[in-house]
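Quick one: this structure, given as structure tokens, is what I'll be asking you about.
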2 protein chains.
Amino acid sequence: MERVFTIMERFAPDAMDCITNRYKMLKQIMHQQPVGRRQLCKVLGLTERMVRAEIENLKSTGLIHATTAGICLSPAGEHIMNEVDIFVPFLFNIQSLAEQIKNRFNLREVILVPGDSQSDEMIKRDLGRVAAAYMKKSLFPGCTLAVTGGSTLAEVADVITDGIGFSNLMVVPARGGLGEEVEQQAGTIAARIAKIIGAQYRMLHIPDKLQEETAQALKQDPYIKEITDLIKSSDILFHGIGFAMEMANRRGLTAAEIALLQAKGAVGEAFRYYFDEQGNIVYEVPGIGLELHDLAHIQTVVAVAGGSNKAPAIKAVLNGGRQTVLITDEGAAQAIVGLQD
Amino acid sequence: MERVFTIMERFAPDAMDCITNRYKMLKQIMHQQPVGRRQLCKVLGLTERMVRAEIENLKSTGLIHATTAGICLSPAGEHIMNEVDIFVPFLFNIQSLAEQIKNRFNLREVILVPGDSQSDEMIKRDLGRVAAAYMKKSLFPGCTLAVTGGSTLAEVADVITDGIGFSNLMVVPARGGLGEEVEQQAGTIAARIAKIIGAQYRMLHIPDKLQEETAQALKQDPYIKEITDLIKSSDILFHGIGFAMEMANRRGLTAAEIALLQAKGAVGEAFRYYFDEQGNIVYEVPGIGLELHDLAHIQTVVAVAGGSNKAPAIKAVLNGGRQTVLITDEGAAQAIVGLQD
DNA sequence: TCATGTTGGGGCAAAAATGTCCCTGAGGGC
DNA sequence: GCCCTCAGGGACATTTTTGCCCCAACATGA
């Protein structure tokens, strides 16, 4: 039963939106009838015309009934609401999950893909698709988009399609990002996305892990400075989230560094910063590119990560409070709210 | 499970249409991939643009994949079709029912309301609403609409709403139709409908059951002739269907007549004609108004009747083959196909 | 009784969708 | 090699939907 809605959500999300909208509206009417159109707009966060269109629709099917005092449920409407209420919990657990997470971490938006990428590879694809769609929606003429590396962002690059409509875009890697498979390096991903959406791009072929002095020296180089300035002035950042230890190993941190991370309780990693459970930054990999204080100037910081197993890492990074948007899957979301604080 | 779709169909028919359309399309693609857009139009009976919009939609969600050879299902599309196929029989049994009945009785259109008006009073209301919507859709400027009496048509008059957009319409009773509650007389219903949709109307205050000689005499009257001519030139007829014996009793037929009906195996009644199981007319109540041979000139003859108990009567009348459209409920439809020939 | 706030509905320009063409190019039969 | 058919995608007029503001009517409370 629950499964039906999960499948439906993937099969025809628009139809499900239509159903949930209608339900919300009828429920609202049921609760505060007789109620006016504008009231409903405010409560439901829809435009007046949308509400109006829906009202006309419902009126023609006889579920509601408009009087001069406002809109009321007709007997048929009440009857059907009783029936729909039977399976509505299944319909809404996803949406309410998103709401919970949004409020808890003070995010501008939370997008949930039904399913769990841990157990179903298809969901990972879905996540990428949804993130790609959101990415395209976020772009605006003249903007600069920064991306990190990682398998999730690589997935986004795999599934993104062209068709933006304007072309003065720039895609950059958030940081250097060598040191892993070339397919998953930030620069490679930036380039792939840029090519598909018809944007310019810059790469930064610098190892991400540097000695502090080397980094300082490189930062003086005019060419590198130009690119880092560009990166630091990004308007949008899309980043993945990883487990601290896993990333530390993959990036070849020294035993001393890893010991430090463990001592400080690092759980999550994002854009080369390591976060403990409370969201404190316990370690930063020296390098060139986006730095933490730059994030404050970026309008849209989107974290993309899924899978119920990744929940602790996602939660740790979210606790850091640098994101405005989270795109994840139902499994991860459920696990995140399930973790005690 | 099945119940969910039945409820959904009543709650958000548009969303369900969207889902079924999408399913049909994906199924078609699956079967004859790679397939072209225009092919799909022909097979699915949709306009090119609709198919195209849907294709763009599916492409953006990554369920299909367009090549120069045509459209193919993507792996994700195949995957989801396998999942959807699990519950699709539930989704389509209504539609396939409608299809069956349409073909069997050679009708132009069959509209099914989910549910059974016998067991749920609400469905009767739904049936009326759907019939009312169809009625409004069928009207055209300058047309004449004929209606019969009966509780079903009374229901239609109850739920019809205004908003036709043109006003040179005429509504007439198909036949006289005194002899039952005034609320359910054809003339009353014609008048009510006319008033709501802003049409003109004529009534025919003549007992429906007449001696043959009296009827002949009345037919000569100029005023009555004018009205009957109008009735006979109707463009659209909406009629109910009743059980032969029940109607015979209600209309006060004589014991001899009733005996005749029984002897001839009358089952169904519509517009004062009595039909046996095979659809043969076994009796005609003499009267004034629409006669059988007039039906041939009427473009749209719509039978409206619901409830699984009424199935034998509906089937009998449909076997007569005078209808172009049937509006009924799922219960009746199921019972009709269940009856052996 | 009257002022005030809210209702549904009307109207209208802007935006989106739809219906209908056409075009180029790939592939298949001859 | 050539033609012919069918593919997807582009273009554009037309219709429908949307966003937004206004209005008379009704309800409500003073």
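Sequence lines set the chain letters: A, B, ... in the order given, protein chains first and strands last, and positions in each chain run from 1. None of the values given here were measured: they were computed from a predicted structure.
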Taking only the side-chain nitrogens and oxygens of A:Lys42, find out if one of them lies under 4.0 Å from OP1 or OP2 of C:dT6.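 For A:Lys42, the contact criterion (side-chain N or O under 4.0 Å from OP1 or OP2 of C:dT6) is not met.
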Taking 4.0 Å as the cut-off, does a side-chain nitrogen or oxygen of B:Thr47 come that near to OP1 or OP2 on C:dG19?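 It does, given that an N or O in the side chain of B:Thr47 lies less than 4.0 Å from OP1 or OP2 of C:dG19.
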Whole-Å distance between C:dG8 P and A:Ile55 CD1?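 The distance from CD1 of A:Ile55 to P of C:dG8 comes to 6 Å, rounded to the nearest Å.
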Spell out yes or no: do the side chain of B:Arg52 and the base of D:dG8 have one donor N/O and one acceptor N/O closer than 3.5 Å?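 Counting by modelled atom types and ignoring angles, no donor-acceptor contact under 3.5 Å is found here.
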Testing the basics here: between A:Phe238 and A:Ala131, what is the closest heavy-atom pair and its distance to 0.1 Å?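 Answer, listing the atom of A:Phe238 first, then A:Ala131: CE2-O, 3.7 Å.
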Closer than 4.0 angstrom, basic N to acidic O: yes or no for B:Asp17 and B:Lys24?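 Result for this pair is no, no salt bridge flagged.
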Does any N or O donor sit under 3.5 Å from an N or O acceptor when you compare the side chain of A:Arg38 with the base of C:dG5?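 Such a pair does not exist between side chain and base.
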Would you mind reading off the distance between A:Glu48 atom CD and C:dG8 atom C1', rounded to a whole angstrom?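 That distance rounds to 10 Å.
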Rounded distance (Å) that lies between atom C1' of C:dT18 and atom CG of B:Asn21: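 Interatomic distance, CG of B:Asn21 to C1' of C:dT18: 15 Å.
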Would you indicate which nucleotide in D:dG19, C:dA26, D:dA27 comes nearest to any side-chain atom of A:Thr68?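 Nearest listed nucleotide: D:dA27.
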Once you round it to whole Å, what is the distance between C1' of D:dT18 and CZ of A:Arg37?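 In whole Å, D:dT18 C1' lies 13 Å from A:Arg37 CZ.
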Interatomic distance, A:Ile71 CD1 vs D:dC26 C1' [rounded to whole Å]: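 The distance from CD1 of A:Ile71 to C1' of D:dC26 comes to 15 Å, rounded to the nearest Å.
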Check against side chain to side chain contact (heavy atoms under 4.5 Å, CB included), A:Phe11 and B:Leu26: CA-CA 10 Å; A:Phe11 183 72; B:Leu26 281 174; 3.4 Å; yes
A:Arg129 (side chain) donor-acceptor with B:Thr61 (main chain) under 3.5 angstrom: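 Here the side-chain-to-backbone pair exists.
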Starting from P on D:dG8, measure out to CG on B:Leu40 and report it in whole angstrom.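 Rounded to the whole Å, the gap is 8 Å.
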